[in-house]
Amino acid sequence: QVQLVESGGGLVQAGDSLRLSCTAASARTFSTFDMGWFRQAPGKEREFVAAISMTVNAGRTYYADSVKGRFTISRDNAKNTVYLQMNSLKPEDTAVYYCAGDPYIPAQRLAVSERQVDYWGQGTQVTVSS
């Protein structure tokens with residue numbers, strides 16, 4: 001079992017930056033898991049944000065069009081942590097952000113495999129005021 005703990009959310013103004021962290025709080029490392037971030041805005045379904053590969057094409061990243069060029073996903077396997085650097089934040093980025101990972105779903109498939117993902121964090125709130 002892998003427990004994921006997010007941190008770094010908060011209230012910021014449009015144009016500001018935030019960095020979210022997701023750490024595996026368990027003995028089992030996720031160094032072989034491809035990892036991703038999803039978000040859910042009020043009244044909307046959860047949507048894919050970004051993913052990073054640790055297996056095939058290690059380090060390759062994938063982004064939703066809505067965040068491409070503004071958000072950067074990265075990981076530090078020594079710390080069992082994945083990050084989401086969010087720049088030029090917009091009010092429409094307001095959501096609860098979740099990190100997720102699964103040993104059997106590659107990063108390039110995370111965007112379309114949400115329902116199959118095994119491991120999720122509890123979520124961290126990001127609020128961007130205009």
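The two residues Gly36 and Leu110 come nearest to each other via the heavy atoms N-CD1, 3.8 Å. Residue Tyr63 comes nearest to Ile73 through the heavy atom pair OH-N, 2.9 Å, listed as atom of the first residue, atom of the second, then distance.
Note: Leu18 CG to Leu84 CG = 9.5 Å, rounded to the nearest 0.5 Å. Taking OG of Ser129 as the start and CG of Leu89 as the end, the distance is 10.5 Å to the nearest 0.5 Å. Atom CZ of Arg75 and atom OG of Ser21 lie 13.5 Å apart (nearest 0.5 Å). With values rounded to the nearest 0.5 angstrom, Asp34 atom CG is found 11.5 Å from Thr61 atom OG1. The OG atom of Ser53 lies 6.5 Å from the CD atom of Gln108; values are rounded to the nearest 0.5 Å. Here the OG atom belonging to Ser113 is positioned 15.0 Å from the OH atom belonging to Tyr104, to the nearest 0.5 angstrom.
A ring-centre distance under 6.0 Å is found for Tyr119 and Phe33. For Phe38 and Tyr98, the distance between ring centers is not under 6.0 angstrom.
Connection of Trp120 to Val5 is not established within any shared hydrophobic cluster, with ILVMFWY side chains joined at heavy-atom distances below 4.5 Å, either directly or through further cluster members. Both Val67 and Val12 are members of a single hydrophobic cluster when ILVMFWY side chains are connected at heavy-atom separations under 4.5 Å. Residue Val126 is not grouped with residue Tyr83 when hydrophobic side chains (ILVMFWY) are merged at heavy-atom distances under 4.5 angstrom, including chains of intermediate members.
Proximity of Met54 to Asn77: side-chain heavy atoms (C-beta onward) are separated by under 4.5 Å at one or more points. Side-chain contact between Phe71 and Trp37: absent, with no pair of heavy atoms (C-beta onward) separated by less than 4.5 Å. Within the 4.5 Å cutoff, side-chain heavy atoms of Leu20 are placed close to those of Met86.
Glu6 contributes a side-chain N or O that, together with a main-chain N or O of Cys99, makes up a donor-acceptor pair within less than 3.5 Å. In this structure a side-chain-to-backbone donor-acceptor pair under 3.5 Å is missing from Asp102 to Val117. Of the possible donor and acceptor atoms, none in the side chain of Asn80 sits under 3.5 Å from a partner among the backbone N and O of Thr23. In this structure a side-chain-to-backbone donor-acceptor pair under 3.5 Å is missing from Ser66 to Ala64.
Partners of Ser17 by side-chain hydrogen bond (donor to acceptor under 3.5 Å, both in side chains), not counting sequence neighbours, listed by chain and number: Asn87. For Ala95, the side chain to side chain contact (heavy atoms under 4.5 Å, CB included) test picks out Arg39, Ala41, Tyr97, with sequence neighbours left out. Contacts of Gln116 classified as side-chain hydrogen bond (donor to acceptor under 3.5 Å, both in side chains), with partners at least two apart in sequence or in another chain: none. With sequence neighbours left out, the side-chain hydrogen bond (donor to acceptor under 3.5 Å, both in side chains) criterion links Lys90 to no other residue. For Thr127, the side chain to side chain contact (heavy atoms under 4.5 Å, CB included) partners are Leu11, Thr94, Gln125, not counting sequence neighbours. For Gln40, the side-chain hydrogen bond (donor to acceptor under 3.5 Å, both in side chains) criterion is met by no residue, not counting sequence neighbours.
Environment of CZ in Arg70: crowded, with over 12 heavy atoms of neighbouring residues, nucleotides or ligands closer than 6.0 Å.
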